[in-house]
Amino acid sequence: MASVGPSAASTQPALPSGPAVFKTIPYAFILPEILCGTWVWILVAATSISLPLLQGWVMYVSLTSCLISLLLLLSYLLGFHRNSENWKVLDSLYHGTTAILYMSAAVLQANATINSEFGTNAPLNYQLNSAASFFAFLTTFLYILHAFSIYYQ
């Protein structure tokens, strides 16, 4: 019969701190999320925005997510979590919510890409919007992977 007590609770993996963040799944996804999200923001900013409401949402989601993910990465690197289990819940909720928001932004960016195909300066804007759509869907996938991989540690 297996004992359930303090020794069983201590077998849960500790939250990473310092450079170990980059070697531990799902926390290793944070840096690629930031980098891909930054590319979304840069590429959308480089286009001539024909649909400000759609691409404004894409810019808001990408910029806000990059900043919050950067703060989360810094908190893991500096060890602010103090190995509290509440950080796993916070991390999972944040990444799950952000994955949903990024999916909406990626779909809107794909719509903006389709609409930019025949506008002014079409080839350049279409290529920039296509790249932004690719990175938006890639970032969405990274956030989904991060949110679900917390449960499989």
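- Hydrophobic clustering of Ile, Leu, Val, Met, Phe, Trp and Tyr side chains at less than 4.5 Å, counting indirect connections, unites L67 with I42.
- A donor-acceptor pair is defined here as one N or O able to donate and one able to accept, closer than 3.5 Å; no such pair exists between the side chain of S65 and the backbone of S62.
- To the nearest 0.5 Å, atoms CG (L93) and OG1 (T98) are separated by 10.0 Å.
- Hydrophobic clustering keeps F134 apart from I114 (ILVMFWY residues linked when any side-chain heavy atoms are closer than 4.5 Å, directly or through intermediates).
- Ring orientation note: the planes of F135 and W39 are close to parallel, at an angle under 30° on the 30°/60° scale.
- Put simply, CD1 on I144 and CZ on F137 are 10.5 Å apart, with the number rounded to the nearest 0.5 Å.
- Residues I30 and S69 share a closest heavy-atom pair of CG2-O, 3.7 Å.
- The distance from atom CG of L138 to atom CD of E33, rounded to the nearest 0.5 Å, is 10.0 Å.
- Residues L35 and L70 share a hydrophobic cluster, clusters being chains of Ile/Leu/Val/Met/Phe/Trp/Tyr side chains in contact below 4.5 Å.
- Side-chain N or O atoms of H146 include none that pairs as donor or acceptor with a backbone N or O of L142 at under 3.5 Å.
- N129 contributes a side-chain N or O that, together with a main-chain N or O of N125, makes up a donor-acceptor pair within less than 3.5 Å.
- A distance of 5.5 Å separates CH2 in W57 from OG in S104, rounded to the nearest 0.5 Å.
- Nearest heavy-atom pair, A147 versus G96, reported as atom, atom and distance to 0.1 Å: CB-N, 3.6 Å.
- Contact detail for Y126 and S116: the closest heavy-atom pair is CA-OG, 3.6 Å.
- When the side chains of ILVMFWY residues are joined at heavy-atom separations under 4.5 Å, either directly or via intervening members, Y60 and V40 end up in a single hydrophobic cluster.
- From I34, atom CD1 reaches atom CD1 of I68 across 11.0 Å, with rounding to the nearest 0.5 Å.
- Judged by distance alone, with hydrogens and angles left aside, the side-chain atoms of S75 form a donor-acceptor pair with the main-chain N or O of L72 at under 3.5 Å.
- No single ILVMFWY cluster, assembled from side-chain heavy atoms under 4.5 Å apart, contains both V58 and M103.
- Taking the side chain as every heavy atom from C-beta outward, V107 and N111 never approach each other to under 4.5 Å.
- The main-chain N or O of Q109 is found under 3.5 Å from a side-chain atom of T113 such that the two form a donor-acceptor pair.
- Checked by atom type and distance alone, the side chain of T140 pairs as donor or acceptor with a backbone atom of Y102 at under 3.5 Å.
- Across every non-hydrogen atom of Y143 and Y94, the tightest pair is OH-OH, 3.8 Å.
- Contact of the F29 side chain with the H95 side chain is not registered, since no non-hydrogen atoms from C-beta on lie closer than 4.5 Å.
- Looking only at side-chain heavy atoms (C-beta outward), Q55 and T47 come within less than 4.5 Å of each other.
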